[in-house]
Amino acid sequence: MKPLGRICLLAILLAGAVSAGESAEEGAPELPATTPATAEVPVLQCEDLASMESQVGNEVVIEGVVQSVGTGPNDGITFLNFGDRRSGFVALIFRQVYDKFPEGFDQYGQQRVRVRGTLEKYRDRQMQIKILTADQIEVVATPEP
């Protein structure tokens, strides 16, 4: 075997040893054999404003019943209101992504849904998540009357 081939083989073997959790150097931290692709995110109830407050800026899942579906001026934004439309949780869907929802938004009204995304606080009064893709909304159940 040529010297260059031996060096390449040695590099491959060392890389394999490190990725399997063995240290290449004395005192180097061991790497985990596997790393989870995505970390679990907390599931919060839409009525639990205190818990939401502590998660502003983080990715979360908010679960609750959509009380009303509304639109803003010129139909440029759709609101899925989970409570009081001025202070409760709201999911926002902007016109730029309407094409990702060919079935529309009325289907979410009076449904128990989960919304996943980065939790934000709007004007110090309302918790919100901006919906950019259809997979951020999941219908969980139709509530009992």
Side-chain angles (χ1 to χ4, degrees), residues 4 7-145:
L4 185 57
I7 293 171
C8 289
L9 180 59
L10 180 60
I12 291 170
L13 290 172
L14 283 175
V18 170
S19 67
E22 298 174 13
S23 299
E25 291 180 23
E26 186 66 34
E30 280 196 29
L31 301 174
T34 59
T35 304
T38 58
E40 288 295 316
V41 296
V43 177
L44 307 173
Q45 297 303 308
C46 68
E47 303 86 10
D48 190 354
L49 296 176
S51 291
M52 282 193 272
E53 186 79 39
S54 70
Q55 293 294 324
V56 170
N58 295 325
E59 184 176 357
V60 297
V61 174
I62 305 294
E63 182 176 319
V65 175
V66 176
Q67 299 297 319
S68 65
V69 177
T71 57
N74 303 320
D75 294 329
I77 187 170
T78 295
F79 303 94
L80 302 181
N81 297 303
F82 287 70
D84 180 276
R85 57 186 204 107
R86 298 224 182 259
S87 61
F89 173 75
V90 64
L92 307 171
I93 306 146
F94 293 93
R95 177 183 293 165
Q96 294 86 340
V97 297
Y98 282 3
D99 62 332
K100 296 178 182 178
F101 298 89
E103 68 285 348
F105 306 107
D106 289 336
Q107 67 171 329
Y108 299 115
Q110 303 308 310
Q111 300 291 315
R112 177 167 285 284
V113 301
R114 286 186 173 183
V115 177
R116 181 183 188 120
T118 302
L119 188 61
E120 301 173 352
K121 192 166 187 179
Y122 178 72
R123 292 189 179 173
D124 278 338
R125 69 170 193 249
Q126 189 168 35
M127 298 293 180
Q128 66 183 25
I129 290 179
K130 294 176 183 170
I131 304 299
L132 306 174
T133 61
D135 64 350
Q136 286 181 262
I137 302 175
E138 172 190 8
V139 175
V140 178
T142 301
E144 298 289 324

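Heavy atoms only: backbone and side chains are in, while hydrogens, waters and symmetry mates are out.
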**Message:** Going by salt bridge (charged side-chain N to carboxylate O under 4.0 Å, His left out), name the residues that satisfy it together with Lys100, two or more places apart in sequence or in a different chain.
**Reply:** none
**Message:** Show the nearest heavy-atom pair for residues Phe101 and Ile131, with the distance to one decimal.
**Reply:** CZ-CG2, 3.6 Å
**Prompt:** Minimum heavy-atom separation for Gly117 to Ile129, with atom names?
**Reply:** CA-CG2, 3.7 Å
Report, one line per pair, each donor and acceptor closer than 3.5 Å where one atom sits in a side chain of residues 52-62; sequence neighbours left out.
unit_1: Glu53; atom_1: OE1; unit_2: Lys121; atom_2: NZ; d: 2.8
unit_1: Glu53; atom_1: OE2; unit_2: Lys121; atom_2: NZ; d: 3.2
unit_1: Ser54; atom_1: OG; unit_2: Ser51; atom_2: O; d: 2.7
unit_1: Gln55; atom_1: OE1; unit_2: Asn58; atom_2: ND2; d: 3.1
unit_1: Glu59; atom_1: OE2; unit_2: Arg116; atom_2: NE; d: 2.6
unit_1: Glu59; atom_1: OE2; unit_2: Arg116; atom_2: NH2; d: 3.4

**Request:** State, with a plain yes or no, whether a side-chain heavy atom of Glu120 is found less than 4.5 Å away from one of Lys130.
**Result:** yes
**Asked** Are the side chains of Phe89 and Leu44 in touch, meaning some heavy atoms are under 4.5 Å apart?
**Response** no
**Prompt:** How would you list, by chain and number, every residue that makes a side chain to side chain donor-acceptor pair (under 3.5 Å) with Asp99, sequence neighbours excluded?
**Reply:** none
**Complete:** When every non-hydrogen atom of Phe79 is compared with those of Gly72, the smallest separation belongs to CE1-N, 3.6 Å
**Sequence-distant partners of Glu63, side chain to side chain donor-acceptor pair (under 3.5 Å), two or more places apart** = Arg112, Arg114
**Item:** Over all atoms of both residues, closest heavy-atom pair of Ile93 and Tyr98
**Value:** O-CE1, 3.4 Å
**From CG (Leu92) to CD1 (Ile77), nearest 0.5 Å** = 4.5 Å
**Prompt:** Excluding sequence neighbours, so at least two apart, what forms side chain to side chain donor-acceptor pair (under 3.5 Å) with Gln96?
**Reply:** none
**Item:** Partners passing side chain to side chain donor-acceptor pair (under 3.5 Å) against Gln45 (at least two apart in sequence or in another chain)
**Value:** none
